[in-house]
Amino acid sequence: MRNVYESSHPLVKHKLTILRDRETKPKKFRELIREIAILLAYEATRDLALAPTTVETPMGKAPGAFLQEQIGLVPVLRAGLGMVEGVWEMMPGSEVWHIGLFRDERTLKPVQYYNKLPVSPTVQVCIVLDPMLATGGSASATVDILKKWGAQRIKYMGIIAAPEGIKTLHDAHPDVDIHIAAVDERLNEIGYIVPGLGDAGDRQFGTG
Ligand code: PRP
Ligand code: URA
């Protein structure tokens, strides 16, 4: 599928294996989410625009380049919170805009409860951060919100996706690049990714 990038990086695969392990405790789980997010961001930002510049070194002038566009990191509460800090450290000039959604357990539809976007867009590229792409409802709703806000270029970064979630997001928003650490087998009857890693929010925050 066009626009869908599954990481083949050995470090991502190694860390993801420990992340999935049911014995991995919340502290280690949070560290891994952060580290995998940084590695995925490296891949997802490969096409960001650069503005050429010159820098003065102790030995003379060197050609250089700065990021040209303003980037917005959009973590989806709660589970996306664990992905934002590390990525932000890599791009400290980014703005961070939180969106709060939870999945209604009965309908599996996303319910929005928080949105602190400013009235008009302040960034050129938005990167949505949410580890789990299950039915795809939350990711599609987040992109809907960003597009209504006026966001021009949107990328989605997640850790594990079900094929159903990729299809839903891609069908609704074919212009959105999807960067993911792994695409799993399927969703189970209650909308969880199999084999997945369980509940990403609960495992980060020690709840559930
Ligand atoms: C999880 C996850 C996604 C959503 C994915 O959040 O972080 O936002 O489910 O499911 P979907 O693709 O079927 O929409 P959850 O609703 O569990 O909220 P939480 O992060 O606050 O625990
Ligand atoms: N949300 C999660 O945290 N895990 C899943 O498998 C599906 C949705």
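Counting from 1, the numbers follow the sequence of the chain as shown. Note that ligands are numbered from 1 as they come in the structure, with each ligand's atoms numbered from 1 the same way.
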Any [X] side-chain heavy atom under 4.5 Å of [Y] side chain:
{"X": "I145", "Y": "I99", "result": "yes"}
{"X": "M157", "Y": "V87", "result": "yes"}
{"X": "F29", "Y": "L19", "result": "yes"}
{"X": "V123", "Y": "E69", "result": "no"}
{"X": "L133", "Y": "L169", "result": "yes"}

Under 4.0 Å from any heavy atom of [X], which atoms of ligand 2 are there?
{"X": "G198", "result": "2 (C), 3 (O), 4 (N), 5 (C), 6 (O)"}
{"X": "A200", "result": "2 (C), 3 (O)"}
{"X": "I193", "result": "5 (C), 6 (O)"}

### Task
Under 4.0 Å, heavy atoms only, figure out whether ligand 1 is touched by the backbone of T135, its side chain, both or neither.
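Both of them.
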Looking at [atom], what's its closest protein heavy atom, distance included?
{"atom": "atom 17 (O) of ligand 1", "answer": "D199 OD2, 4.2 Å"}
{"atom": "atom 8 (C) of ligand 2", "answer": "R103 NH2, 3.6 Å"}
{"atom": "atom 5 (C) of ligand 2", "answer": "Y192 CD2, 3.4 Å"}

### Task
Could you tell me whether A134 approaches ligand 2 through its side chain, its backbone, both or neither, with non-hydrogen atoms closer than 4.0 Å?
side chain
### Message
Ignoring hydrogens and geometry beyond distance, is a side-chain donor-acceptor pair present between D130 and Y156 at under 3.5 Å?
### Response
no
### Carboxylate-amine/guanidinium proximity below 4.0 Å for K155 and D177
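Salt bridge between K155 and D177, a charged N being under 4.0 Å from a carboxylate O: yes.
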### Message
Can you confirm whether Q152 is buried at CD, in the sense that more than 12 heavy atoms of other residues, nucleotides or ligands lie under 6.0 Å from that atom?
### Response
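At most 12 heavy atoms, drawn from other residues, nucleotides or ligands, come within 6.0 Å of this atom.
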N/O separation below 3.5 Å, [X] to ligand 1:
{"X": "L133", "value": "no"}
{"X": "Y113", "value": "no"}
{"X": "G136", "value": "yes"}
{"X": "A139", "value": "no"}

### Message
Hydrophobic clustering (ILVMFWY, side-chain heavy atoms < 4.5 Å, transitive) - are I160 and F205 grouped together?
### Response
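Different clusters.
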Quick one: which ligand 1 atoms are inside 4.0 Å of a heavy atom on [X]?
{"X": "F102", "result": "16 (O)"}
{"X": "A79", "result": "7 (O), 20 (O)"}
{"X": "D130", "result": "2 (C), 3 (C), 7 (O), 8 (O)"}

### Message
If we ignore hydrogens and angles and just use 3.5 Å, is the side chain of R30 paired with the main-chain N or O of Q204 as donor and acceptor?
### Response
yes
### Query
R203 side chain to K25 main-chain N or O, any donor-acceptor pair under 3.5 Å?
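Answer holds: no.
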### Task
Consider ligand 2: state whether an atom of it lies below 4.0 angstrom from any non-hydrogen atom of G191.
yes
### Query
Under 4.0 angstrom from ligand 2, any heavy atom of R203?
no
### Message
As a test of the contact definition, would atom 7 (O) of ligand 1 count as having a protein heavy-atom neighbour under 4.0 Å?
### Response
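It does: a protein heavy atom is found less than 4.0 Å away from atom 7 (O) of ligand 1.
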### Query
Does the protein put a heavy atom under 4.0 Å from atom 4 (C) of ligand 1?
yes
